[in-house]
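Here's the structure we're looking at; comments come further down.
Just so you know, these numbers use all the heavy atoms, side chains as well, and skip hydrogens, waters and symmetry mates. Since the structure is predicted, the reported quantities are computational estimates derived from the model, not experimental observations. Throughout, protein chains are lettered first and strands after them, A, B, ... in sequence-line order, and every chain is numbered starting at 1.
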Number of protein chains: 2
Amino acid sequence: MTARTTSETARDIPEATVARLPVYLRALTTLVEAGTQTCSSEDLAAAAGVNSAKLRKDLSYLGSYGTRGVGYDVDYLRYQIAREIGVTQDWPVVIVGIGNLGHALANYSGFRSRGFRVVALLDADPERHDEVVAGVDVRAFDDLEQIVADQGVAIGVIATPALAAQAVADRMVACGITSILNFAPAVLSVPDGVDVRKVDLSIELQILAYHEQRKAQSA
Amino acid sequence: MTARTTSETARDIPEATVARLPVYLRALTTLVEAGTQTCSSEDLAAAAGVNSAKLRKDLSYLGSYGTRGVGYDVDYLRYQIAREIGVTQDWPVVIVGIGNLGHALANYSGFRSRGFRVVALLDADPERHDEVVAGVDVRAFDDLEQIVADQGVAIGVIATPALAAQAVADRMVACGITSILNFAPAVLSVPDGVDVRKVDLSIELQILAYHEQRKAQSA
DNA sequence: TAGATTGTTAATCGATTAACAATC
DNA sequence: TAGATTGTTAATCGATTAACAATC
């Protein structure tokens, strides 16, 4: 890590706040689309599904973008949050593993509309190559290094079976990818400096089952 | 909520711990499949990607299932965790919205193998009815009430576009579903007593983008 | 000025971690 | 008994919340 002077130092935003910024961004986008120009912290909090104290505390880490007695300019606040998250620029992304989930991800319009561009779909199975999914050619996994270098890819998505996931992650890291979104049900080990986030469909269901079971017990 | 005597009171397990139990369960299943019979908290923590202090603290909320000086019986601990989560029984689940993501979810083998059974796929589009996905007929959304009543469904999955999600949730709640897993990029409002969990693919990517942007700045 | 609403403070709550006594 | 490892304690850290002074 390089030392920075105070003025350069990005404010340290708590992880819990970072995780909610995209939620606020989406709520603001909805408000913009509805033609709303100004909103209070109460309004925005309701739209985002949090309480207003938490919202104001979260926004306070970014700066002071509201007007006391008035509220927030929806469009301005939306831009500030987008800039803070980093989605005013476009992030090229590769998806590895084009099974059912990979297909769904490739077709997911929410990526493109939120600052992400799927530049390549890779699969180990030669049968899949030259298939076209969501307007993008499926290519050989071995093309990874070339694509990452050419397109400056920093973010990779793993949608392979669990057994392949670690090997894919290793290759990604080796060629310079430093952020991985992992849909495979496997724990990945990566060096320091590489971020991994995990989405596990069945884990979410299990958490619901736990609470459901308790409801049944107390009924 | 009904009052309960002390002996009936289920131990109150912190949410953060509940969210990790499925991770431990998966790690234990992997160990069982590898033929491992005993493991230390250090071993299991490594397999689950947490530190061993956290693991032991988490397990302590469930009871005392290890042996000092020895470790944990893998199979026994796995059963205890599965029982605590509630996945020793089978949970019937309905999925509403059979687009790309709904397809992927319907085909996801991780549901069935972890205590969930997809009993129905519903879609508002009549063109999709009588399609068969993952061996299950796609049926009309209007069949929801019937299916929930017949099969005793408590958990619903929403994979519709954002605009339809709240209406689907309302119908689910009205016919007795008390746990909802929401993949639609929308904030749902539901009455007390109904649990909603949200999986948002683009939010995870945005969190990665935030950190990626900061890495680039400090480089 | 009066009313409204932000941004901040301080108290509270919950989660994490390291250390170690208990005990196999 | 000696070595290993759990289960628990207590300290620390981070997140949430309510209240309100600042200010439009």
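- Here the two rings, on Y108(A) and F111(A), have centers that are under 6.0 Å apart.
- Within residues 46-58 of chain A, the residues approaching DNA chain D are N51(A), A53(A), K54(A), R56(A), K57(A), by heavy-atom distance under 4.0 Å.
- Within residues 22-44 of chain A, the residues approaching DNA chain C are S40(A), S41(A), by heavy-atom distance under 4.0 Å.
- Looking only at side-chain heavy atoms (C-beta outward), S179(B) and V194(B) stay at 4.5 Å or farther from each other.
- Where R20(A) and V70(A) each meet DNA chain D at their nearest nucleotide, the meeting point lying more 5' is that of R20(A).
- Remark: aromatic rings of Y72(A) and Y65(A) are distant, center separation not under 6.0 Å.
- Not counting sequence neighbours, the partners of P14(A) by the side chain to side chain contact (heavy atoms under 4.5 Å, CB included) test are T17(A), Y61(A).
- Applying the salt bridge (charged side-chain N to carboxylate O under 4.0 Å, His left out) criterion to D200(A), with sequence neighbours excluded, gives K198(A), R26(B).
- Among residue pairs with one or both ends in residues 159-176 of chain B, those qualifying as side chain to side chain donor-acceptor pair (under 3.5 Å) are D142(B)-R171(B), E145(B)-R171(B), Q166(B)-D170(B); sequence neighbours excluded.
- Salt bridge K215(A)/D195(B): present, at least one basic N to carboxylate O contact under 4.0 Å.
- Residues satisfying the side chain to side chain contact (heavy atoms under 4.5 Å, CB included) criterion with A47(A), sequence neighbours excluded, are A27(A).
- Under the side chain to side chain contact (heavy atoms under 4.5 Å, CB included) criterion, Q37(B) pairs with no residue, sequence neighbours left out.
- Residues passing the side chain to side chain contact (heavy atoms under 4.5 Å, CB included) test with V23(A) are A48(A), I203(B), sequence neighbours excluded.
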Listed pairs under 3.5 Å, donor-acceptor, residues 87-95 of chain B side chains, sequence neighbours left out:
{"residue": "D90(B)", "atom": "OD2", "partner": "R117(B)", "partner atom": "NE", "Å": "2.9"}
{"residue": "W91(B)", "atom": "NE1", "partner": "G86(B)", "partner atom": "O", "Å": "2.7"}

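- When base pairs are accepted only as Watson-Crick or G-U wobble with both N-N or N-O distances under 3.5 Å, DNA chain D takes part in stems of 3 or more pairs at C:3-24 with D:3-24.
- Every residue was checked against the salt bridge (charged side-chain N to carboxylate O under 4.0 Å, His left out) condition with R68(B), not counting sequence neighbours, and none meets it.
- Heavy-atom contacts of chain B under 4.0 Å fall on DNA chain D between two terminal nucleotides, which in 5' to 3' order are dA4(D) to dT9(D).
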